[in-house]
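To find a chain, count down the sequence lines: A is the first, B the second, and so on, and within it residues start at 1.
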Amino acid sequence: MTSEALSKGYEPADVEAKWIAYWQDEKTFTPDPDGPGEPYSIVIPPPNVTGALHMGHALNITIQDILCRYHRQLGRKVLWVPGTDHAGIATQNVVERSLAAAGSSREELGREAFIERVWKWREEYGGKILNQISRLGASVDWSRERFTMDEGLSKAVREVFVRLYEDGLIYQGDYIINWCPRCHTALADLEVEYAPHIGKLYHIRYPVEGTETFVTVATTRPETLLGDTAVAVHPEDERYKDVVGKFAILPLVGRRIPIIADAYVEREFGTGCLKVTPAHDMNDFELGRKHGLEVIAVQDAAGRINENAPEKYRGLDRLAARKAVVEDLKELTLLDDIRDYEHNVGECYRCRTVIEPFVSKQWFVKTGPLAKVARKAVEDGRTIILPDQWTKTYYDWLDNIRDWCVSRQIWWGHRIPAWTCDSCGELVVARETPTSCPACGGSRLTQDPDVLDTWFSSALWPFTTMGWPDQTKELATFYPTSVLSTAFDILFFWVARMMMMGLHFMDEVPFRHVYIHALVRDAEGRKMSKSLGNGIDPLAMMERYGTDALRFTLAAFAAMGRDIKLAEERIEGYRHFINKMWNAARFALMHVADGAPEMELSQAAKAGLCHAMILSRLERLKGTVSRAIEGYQFNEAAQELYGFFWREFCDWYLEMAKVDLGGEDEFKKGAAKRVLLTVLSETLTLMHPIVPFVTQEIWSKLPGTAEPNLAKVPYPPLRTELISDEAEAAMELLRLVVVGVRNIRAELNINPGVKLTALVHAEDAAQAASLTANAAMISFMAKLERFEAGPDVAAPKASASAACGSCALFVPLSGAVDFDVEFLRLSKEEVKTVKELTVVEKKLGNEDFVSRAPADVVAKEREKQDALSEKLARLRELKDRIRKLMAEEA
RNA sequence: AGGAGCGUAGCUCAGGGGGAGAGCACUUGCUUGACACGCAAGGGGUCGGGAGUUCAAAUCUCCCCGUUCCUACCA
């Protein structure tokens, strides 16, 4: 490959689109189910088709992409399925709004035309979020993209519905459900969100039949009085002992309603007396069933009072009715008290309208048996939830699960495959549209107008995306999927339901691991939300700092079990790192643009300490990074890579390698080139899962790469023989000497341009030899004109000094040395060393420690003691020397 | 009401029985051969408080304080 000079700074905008197209053209991410390697698969949590990419998506996509790219490097056949869900209510809302703006409505259009309109909308705008996911670099297989309303998935949904019905796990019934009067549909319990509202608590007196007394109930919704069918008190409440069993006369209506006793009533709350409206309150509904109470619905689907109420209230909206009821009660002097009252009120999670509990005919999934199986799969470890603390939450939800209302009174979604015979009323649930009634043979059948909850189809995602109910090669190869990565907020909505459905229909869990990732919050720790306007737009970040900078930031902060507080400055900071990579590569290519000589790395390691050191460190890094990724510790992987690349590779290795690269020794020069190229290219491979673009761009400029597509390059081989404790220890000593000189230079304000001499008194022959052998490196790094090390090196008279481990470092200074400054510097170091030594000696002086602590811990402490004592001895010698010099001078 | 998490350097957070760490910020000095999106040197912490277990506690247990979140209910 030819080389061209790299630009001075990394320009992400220029390269990202190019590589996305390249990977796509190369079909890099389309696996062959018959190909070699262990399968590894992920299905994307399908984003809402109306959605736009937010930080939570960006984090989740980054995590999944790291996993997929990493496992691809390990030679697995990786399938990552992308797609979107049809978001019934949300999508219908969006299209209805645009119709309203044009002065039309879905009713005006009619069902078929409306659905056609939604499909058109989807065609035009529905690809937005997928396009954004693509820009993040997601290595998904676009050839297998799915949509929950696709033909195949729709067929699967119908199959599932019918089978569940046949298994007795789906039923239709009149039950109380959460009703959104604006969306005109039922909502599942999970789709109701509670928010504090300031309301009023009304105390209303109900006359007790046959007496002159009253019972006083407390309510926040006085208009529901019209539907009351009982009054309830606690059985042990002395205040009401006498009235239990009697009847109350419902004000404004005149209905005779029983006064019942039930322990559900809390004596302390309000008046301790509860009005019961089974048709319009969840708990009252349960109470009504228990006591066989009448259910009288007094509101219609739009929240207006209906014909079951006295005539004067009919047609009134619920709030208008409330006003009227309150006025009338006042008039009758039955209203005892009105007080301000803050309480939680259920709202529709899509439109924030206050929901009304409402009795109507709906379809339910009987969740009990399904939940039991879903729980057991996690108990048995067939699916592992990470981090583990979420397991309990998962159990709690399944243990308290209620039947799932799956019918929705909207048009956009999977139509329920149930028909009623017009002539005999027979209910038919079937895969194919029936042409005649199986009961009476009648030919006129009417399909249920409702559609299914979007989450019903989402729950099937792991297997329907792979072609179920057909027995496809994909299913055989890639199901169960390896991991599901998601935020905790849809653990119930989605994860638990996928578990139930996957186990029921595939007889196998849908995924081996569930990784619950962090929630991305703003810099103040608040949840990012549209209403607060505190969201950081990932696309803006990608444009400003590059996609890799955003990805690296998210990875670096993705510690398990902890939320991420994200500020733009963080992303900006990691852009510096991306740029650093770019420049390191730019430097490397100045030297190895035409390749490096073939040479065994074990040979190259012998060419110099720095080469041996960096190769050893690289080998350790490989292990750390793969352990981190496999343990979902992305922050750890990012941090290790950052530290290695910047601190070890750039700050030390690249600097030291300059000596060999610019030197005359052809062997050393060749070794340096070989090592430089190897470390750079293998580091790029290790970093590629996190920062795919910059690594691929640099890769394309490297000489001698057999595979141009970095996404296809295997994880670098382990060469454990290159790991060398000796090289790393020798390097550490060298580092101490260099830092020692630099420190003296900085503290004594010696201009960086001035070349110094450094002398090291080293008793240990091996240490002395190692330092001497690396004199050129040390001189270059510390800007020296002369360097000497050995057991016989003596302290020059006028010099600054420092202790480097067990060695003494001297920097002779021409002109006067300020002994006071010197003395102070050494004293400071001495105090620190004494403090450390004291801690160690105290430990070793403790007999219990020596006898009870593990031998290796004690041995380590002794080693530490030796090293610190030697260092301290050195420091004291140096101080003595100064003291003498001061005396001489005086 | 039940449950979970968090509290470590100015900020954001790793770590998780045996040397208190990183990044950013800060101070000082630098157009040193890729990089000022940079280089070099440095300062900075009763690991929220208290008790216990242990030879040894930032780490384990209990209590308290502060904080965030989840679930359920709220007539």
(request) Would you indicate which nucleotide in B:C69, B:G23, B:G33 comes nearest to any side-chain atom of A:R570? (result) B:G23
(request) Please measure how far the P atom in B:U61 lies from the corresponding atom in B:A25, and state the result in whole Å. (result) 37 Å
(message) Rounding to an integer number of Å, can you tell me how far A:D396 CG sits from B:G2 P?
(response) 14 Å
(request) On RNA chain B, check which nucleotide each of A:V857 and A:D563 is closest to and give me the residue with the more 5' one. (result) A:D563
(request) Identify whether any heavy atom of A:E836 sits under 4.0 Å from a base atom; if not, whether one sits that close to sugar-phosphate; answer base, sugar-phosphate or nothing. (result) nothing
(request) For B:C69 and B:U12, measure between their P atoms and round to the nearest Å. (result) 16 Å
(request) Output yes when at least one side-chain N/O atom of A:Y642 is less than 4.0 Å from OP1 or OP2 of B:C24, else no. (result) yes
(message) According to salt bridge (Lys or Arg N to Asp or Glu O under 4.0 Å), who are the partners of A:R221, at least two apart in sequence or on a separate chain?
(response) A:D281, A:E356
(request) Nearest whole angstrom, please: distance from the P of B:C74 to the CG of A:L274. (result) 10 Å
(message) Nearest whole Å is fine: how far is B:A72 C1' from A:F492 CZ?
(response) 11 Å
(message) Salt bridge or not between A:E568 and A:R544? Use side-chain N to carboxylate O under 4.0 Å.
(response) yes
(message) Which nucleotide, if any, forms a Watson-Crick or G-U wobble pair with B:G19, using both distances under 3.5 Å?
(response) none
(request) Just name whichever nucleotide pairs with B:U31, Watson-Crick or G-U, keeping both distances under 3.5 Å, else none. (result) none
(message) In whole Å, measure the gap between the C1' atoms of B:G15 and B:C70 for me.
(response) 27 Å
(message) Taking B:A57 as the reference, what is the distance to B:G49 when you measure between their P atoms (whole Å, please)?
(response) 15 Å
(request) Rounded to whole angstrom, note down the C1' distance from B:U32 over to B:G18. (result) 42 Å
(request) Do nucleotides 37-46 of chain B as a string where each nucleotide becomes B, S or -: B if the base has a protein heavy atom under 4.0 Å, S if just the sugar-phosphate does, - if no protein is that close. (result) BSSSSS----
(message) Could you tell me the Watson-Crick or G-U partner of B:G44, where both distances fall under 3.5 Å? Say none if there is no partner.
(response) none
(message) At less than 4.0 Å, is any side-chain N or O atom of A:K8 found next to OP1 or OP2 of B:A36? Yes or no.
(response) yes
(message) Over all strands shown, is A:R267 touching base, sugar-phosphate only, or nothing at heavy-atom distances under 4.0 angstrom?
(response) nothing
(message) Base, sugar-phosphate or nothing for A:T220? Non-hydrogen atoms, less than 4.0 Å.
(response) sugar-phosphate
(request) Report the base-pairing partner of B:A25 (Watson-Crick or G-U wobble, both distances below 3.5 angstrom), or none. (result) none
(message) Going by ring pair (Phe, Tyr, Trp, His ring centres under 6.0 Å), A:Y574 matches just one of A:Y642, A:Y545, A:W646. Which one?
(response) A:Y642
(request) Grab the CD-C1' distance between A:E636 and B:C13 for me, whole Å please. (result) 13 Å
(request) Can you tell me the distance, in whole Å, between the CG atom of A:D848 and the C1' atom of B:G18? (result) 15 Å
(request) With the side chain of A:F269 defined as its heavy atoms from C-beta on, choose the nearest nucleotide among B:C74, B:G19, B:A34. (result) B:C74
(message) Side chain of A:P752, heavy atoms from C-beta onward: which of B:C30, B:C70, B:C74 has the nearest atom to it?
(response) B:C30
(request) Report the distance from atom CD of A:E193 to atom P of B:C69, rounded to the nearest whole Å. (result) 14 Å
(message) Pairing check on B:A4: which nucleotide meets the Watson-Crick or G-U wobble criteria with it, both distances under 3.5 Å?
(response) B:U68
(message) Side chain of A:K392, heavy atoms from C-beta onward: which of B:A34, B:A4, B:C74 has the nearest atom to it?
(response) B:A4
(request) For B:A22 and B:G45, measure between their C1' atoms and round to the nearest Å. (result) 14 Å
(message) Can you tell me which residue among A:W582, A:F552, A:F644 is in a ring pair (Phe, Tyr, Trp, His ring centres under 6.0 Å) with A:F577?
(response) A:F552
(request) Over all heavy atoms of both residues, which pair between A:V592 and A:P703 is shortest? Give the atoms and the distance, please. (result) O-CG, 2.9 Å
(message) Rounded to whole Å, please give me the gap between CG in A:D340 and P in B:C74.
(response) 20 Å
(message) Tell me the interatomic distance from A:E572, atom CD, to B:A25, atom C1', rounded to whole angstroms.
(response) 13 Å
(message) Check this for me, if you would: do A:E829 and A:K871 make a salt bridge, where the nitrogen-to-carboxylate-oxygen distance has to be below 4.0 angstrom?
(response) yes
(request) Determine the interatomic distance between P on B:A34 and the same-named atom on B:G38; round to the nearest Å. (result) 16 Å
(request) Scan A:F780 against the nucleic acid and name what it touches under 4.0 Å (heavy atoms): base, sugar-phosphate only, or nothing. (result) base
(request) Tell me which nucleotide among B:U12, B:C74, B:A34 gets nearest to the side chain of A:D281. (result) B:C74
(message) I'd like to know if A:K701 pairs up with A:E697 as an ion pair, taking the criterion as any Lys NZ or Arg NE/NH1/NH2 lying under 4.0 Å from an Asp or Glu carboxylate oxygen.
(response) yes
(request) Check salt bridge (Lys or Arg N to Asp or Glu O under 4.0 Å) between A:E223 and all other residues, then give those that pass, not counting sequence neighbours. (result) A:R322
(message) Taking B:A36 as the reference, what is the distance to B:U68 when you measure between their P atoms (whole Å, please)?
(response) 43 Å
(message) Check A:D237 with A:R267, please: is the shortest side-chain N to carboxylate O separation under 4.0 Å?
(response) no
(request) Remember a base hit wins even if backbone is also touched, and classify A:L519 as base, sugar-phosphate or nothing at under 4.0 Å, heavy atoms. (result) nothing
(message) Side-chain N or O of A:K843 versus OP1/OP2 of B:G19: is the shortest distance under 4.0 Å?
(response) yes
(message) Base, sugar-phosphate or nothing for A:K275? Non-hydrogen atoms, less than 4.0 Å.
(response) nothing
(message) Does this structure show an ion pair linking A:K565 with A:D563, if we count only N-O contacts that are shorter than 4.0 Å?
(response) no
